[in-house]
Amino acid sequence: MDGYYIALLIVLSCTGLIWTVKGIKKRLRLMVFFGVILMLAPILIIMGWMTWLPLVSSVALVASLFVRKEARRQHE
């Protein structure tokens with residue numbers, strides 16, 4: 001892989017990490033969903049695990065549902 005391509009994927013992963021953390025703090029499910037996708041997809045591409053790429057959306061959905069449950073527990 002080209003160096004610029006890897007740098008772009010690392011920037012996307014860092015952006016996904018920031019979005020995930022901000023989404024957890026603000027309890028925004030959609031931000032966590034896209035943040036996890038942006039964080040995991042480039043990591044899997046860099047590692048060459050393209051066969052696991054379709055499962056990223058499922059993991060992101062579970063992570064966003066977990067954030068929602070945590071928000072409900074704290075409000076009760």
Side-chain angles (χ1 to χ4, degrees):
M1 273 196 246
D2 193 29
Y4 293 115
Y5 184 66
I6 292 174
L8 175 67
L9 291 175
I10 291 172
V11 168
L12 286 175
S13 287
C14 291
T15 304
L17 180 65
I18 292 169
W19 278 18
T20 303
V21 171
K22 285 179 85 173
I24 289 172
K25 286 183 181 179
K26 293 182 179 183
R27 296 183 183 103
L28 299 173
R29 288 176 62 186
L30 194 60
M31 187 177 263
V32 172
F33 178 76
F34 287 120
V36 170
I37 289 175
L38 271 176
M39 186 173 46
L40 289 180
I43 291 172
L44 292 176
I45 291 171
I46 288 174
M47 293 176 66
W49 294 355
M50 296 294 283
T51 56
W52 296 99
L53 214 51
L55 296 176
V56 170
S57 61
S58 301
V59 172
L61 180 65
V62 169
S64 68
L65 292 175
F66 178 72
V67 169
R68 185 69 171 177
K69 287 182 182 178
E70 288 294 319
R72 286 184 183 166
R73 286 184 192 159
Q74 290 179 358
H75 287 295
E76 291 178 353

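Note: hydrogens, waters and symmetry copies are ignored here, and every other heavy atom, side chains too, is used. Nothing here was measured: the structure is a model prediction, and the numbers come from that model.
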Count I, L, V, M, F, W, Y as connected when their side-chain heavy atoms are under 4.5 Å apart, and connections chain through other members. Are [X] and [Y] then in the same cluster?
{"X": "I6", "Y": "I43", "result": "yes"}
{"X": "V11", "Y": "V21", "result": "no"}
{"X": "W49", "Y": "L12", "result": "yes"}
{"X": "V62", "Y": "M39", "result": "no"}

Next on the checklist: Walk me through whether I10 and I46 qualify under side-chain contact (heavy atoms from CB on, under 4.5 Å).
Outcome noted: CA-CA 9 Å; I10 291 172; I46 288 174; 4.2 Å; yes

Next on the checklist: Side chains of R29 and L65, heavy atoms from C-beta outward: is any pair under 4.5 Å?
Outcome noted: yes

Next on the checklist: Does any part of the side chain of Y5, heavy atoms only, come nearer than 4.5 Å to the side chain of I45, both counted from C-beta?
Outcome noted: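 Counting from C-beta outward, I45 and Y5 do come under 4.5 Å.
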
Checklist entry - Residues in side-chain contact (heavy atoms from CB on, under 4.5 Å) with A60, at least two apart? => result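 side-chain contact (heavy atoms from CB on, under 4.5 Å) list for A60, sorted by chain: F33, V36, I37.
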
Next on the checklist: Which heavy atom of I24 sits nearest to which heavy atom of V32, and what is that distance?
Outcome noted: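 Scanning both residues completely, I find the closest heavy atoms to be N-CG2, 3.6 Å.
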
Item to check | Euclidean distance, L44 CG relative to S13 OG, rounded to 0.5 Å | outcome: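 CG of L44 is found 9.0 Å from OG of S13.
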
